Amino acid sequence: MKAAKWELSRPVLIGGIGFLILTAGGVWWSLQQKAAADQAERRWRMQQMQWRALAASDPAPTAAIVAELERRTDTARRSVQELRKQLGESSRDPVQTAPVPTARADAFFELAQFMEDQAAQARQAGVALADGETLGFSAHRNSGPADEHLELVHQQKEAIQVALAALWRVKPEELLLVKRENPVLKLALSESGGMASARAARADEWLEWPSGRSLSRAGIMDALALRLSWVGHTATLRAWLGELKRSPVPLVVRQIEVEPLTDGGRPAGGRRSLADLFRDESVALPEAEEGQTTIVPLIDENRSVFHVTLEYLDFTPRPAAAAEEEVW
């Protein structure tokens with residue numbers, strides 16, 4: 001018996017072909033969607049990285065923020081200028097306006113002329129001064145300061161000159177000593193020229209002023225300390241402080257020490273109290289004769305040695321030194 005032949009009917013064949021087409025289309029569409037999803041995910045991750053980078057950075061301020069920052073900056077600048085003015089900054093400050101010597105030889109002759117001029121002014125004012133007094137610059141009796149010290153020593157000389165000019169005007173009895181800071185320690189340099197100058201100075205020439213007491217502030221203001229010791233009366237001290245106050249130079253009084261003298265005119269040692277310092281030095285007695293009043297001192301010897309420490313304020317500070325160097 002012969003087997004029946006198996007044949008697909010036309011509708012079944014068409015349905016199978018349609019199914020295959022739909023299946024292939026579904027697979028293609030799925031692949032397309034997956035590719036689009038992968039691309040979208042990559043874009044999202046990239047945008048997320050950009051957002052994080054922007055969040056971690058400082059975005060450009062808006063116009064309003066810029067205007068506010070400029071306003072605050074101007075206010076701060078005016079405040080700084082006002083504070084500097086209160087501290088004595090002046091365009092007439094000779095410490096800043098006087099030209100700095102460009103060579104050691106020029107500085108040497110300038111210092112020699114300074115010592116000579118001050119000695120002449122002291123004689124004219126009637127102030128006793130030791131022969132050959134160097135006024136704090138004994139290190140430069142024979143040579144000028146090292147190149148790296150030229151500016152600092154020049155500023156010290158100018159500041160001391162202002163203080164002395166005011167002192168000559170009030171006419172104390174005697175100038176004993178002028179001290180200044182050691183430039184080698186002030187600038188923390190170790191050049192051989194500077195070290196040689198330091199060794200050539202008198203031991204009592206250098207002023208050791210603790211950094212904790214200095215008005216200097218890194219990057220804002222430098223301060224040069226100096227000390228004048230002289231013999232006179234309390235009234236002379238008052239007059240000198242008034243002269244310094246009227247000076248165009250920002251010199252700030254930082255310390256006043258007073259040492260009494262003996263009847264022989266030599267330092268007695270010790271310190272006088274503030275009450276002694278600012279008391280009246282004489283008293284009027286009852287009339288000795290008709291129409292006459294006798295004025296006598298409260299004590300036989302009312303002169304004192306005044307040790308006054310000043311600081312010159314420099315509002316254009318030098319760069320900070322890297323390290324300190326010991327001076328022998």
Side-chain angles (χ1 to χ4, degrees), residues 84 87-89 93 95-96 111 114 118 133-140 145-146 148-167 175-191 194-195 197-230 237 240-241 244-245 247 249-259 267 271-272 274 277 304-328:
R84 286 184 171 185
L87 289 172
E89 184 183 32
D93 180 1
V95 181
Q96 296 296 326
L111 288 169
F114 160 76
Q118 296 306 311
E133 175 60 51
T134 58
L135 304 171
F137 295 96
S138 63
H140 308 302
E148 64 271 18
H149 298 161
L150 286 175
E151 181 180 3
L152 178 58
V153 173
H154 168 77
Q155 289 185 330
Q156 289 177 324
K157 187 266 294 182
E158 291 293 329
I160 291 173
Q161 181 169 276
V162 171
L164 288 176
L167 191 62
L175 178 68
L176 299 178
L177 186 63
V178 177
K179 287 189 173 187
R180 63 190 175 99
E181 293 177 283
N182 190 332
V184 177
L185 296 179
K186 187 71 175 175
L187 298 180
L189 295 174
S190 59
E191 297 292 337
M195 296 294 288
S197 295
R199 287 192 292 268
R202 284 189 345 218
D204 61 353
E205 175 176 293
W206 303 127
L207 171 61
E208 296 181 4
W209 188 242
S211 59
R213 299 199 60 185
S214 174
L215 295 175
S216 178
R217 295 296 180 269
I220 299 176
M221 178 176 66
D222 279 341
L224 302 180
L226 54 106
R227 179 176 295 161
L228 275 66
S229 298
W230 48 271
L237 173 66
W240 185 47
L241 297 180
L244 292 177
K245 184 177 180 181
S247 168
V249 177
L251 283 171
V252 180
V253 178
R254 301 291 288 125
Q255 179 176 282
I256 299 177
E257 296 178 285
V258 188
E259 185 177 0
R271 294 290 182 265
R272 297 172 67 184
L274 288 176
L277 178 59
S304 300
V305 176
F306 294 90
H307 307 278
V308 184
T309 303
L310 309 170
E311 278 192 288
Y312 168 75
L313 304 183
D314 183 1
F315 298 99
T316 56
R318 290 173 293 274
E324 293 189 353
E325 193 75 23
E326 184 178 0
V327 180
W328 298 96

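On a predicted model such as this, the values are computed, not experimentally measured, just so you know.
Exactly one residue among Leu251, Val162, Ile160 makes a side chain to side chain contact (heavy atoms under 4.5 Å, CB included) with Tyr312. That residue is Leu251. Checking each of Leu224, Asp314, Asp222 against Ser216 for a side chain to side chain contact (heavy atoms under 4.5 Å, CB included) leaves exactly one that passes, namely Asp222. Across Leu176, Leu167, Leu164, Val178, a single residue satisfies side chain to side chain contact (heavy atoms under 4.5 Å, CB included) together with Trp230, and that is Leu167.
Here the closest non-hydrogen pair linking Leu313 and Ala223 is CD2-CB, 4.3 Å. Gln156 approaches Pro183 most closely through the heavy-atom pair OE1-CG, 4.1 Å. Across Val95 and Ala159, no two heavy atoms sit closer than the pair CG2-N, 3.8 Å. Heavy atoms only, all atoms of each residue included: Ala163 and Leu228 are closest at CB-CD2, 4.1 Å. Minimum interatomic distance between His307 and Ser229 (heavy atoms only, all atoms of both residues): ND1-OG, 2.7 Å.
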What do the steps show when you test Leu215 against Arg254 for side-chain contact (heavy atoms from CB on, under 4.5 Å), and what is the final call? CA-CA 9 Å; Leu215 295 175; Arg254 301 291 288 125; 3.6 Å; yes

Residue pair Lys179, Trp206: steps toward the side-chain contact (heavy atoms from CB on, under 4.5 Å) verdict: CA-CA 5 Å; Lys179 287 189 173 187; Trp206 303 127; over 6 Å; no

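When side chains are defined from C-beta on, Arg180 counts as touching Val153, because their heavy atoms get closer than 4.5 Å. The shortest distance between side-chain heavy atoms of Lys186 and His149 does not fall below 4.5 Å.
The side-chain hydrogen bond (donor to acceptor under 3.5 Å, both in side chains) search around Thr134 returns none, not counting sequence neighbours.
Side-chain atoms of Gln118 never come within 3.5 Å of backbone atoms of Leu135 as a donor-acceptor pair (strictly under, hydrogens ignored).
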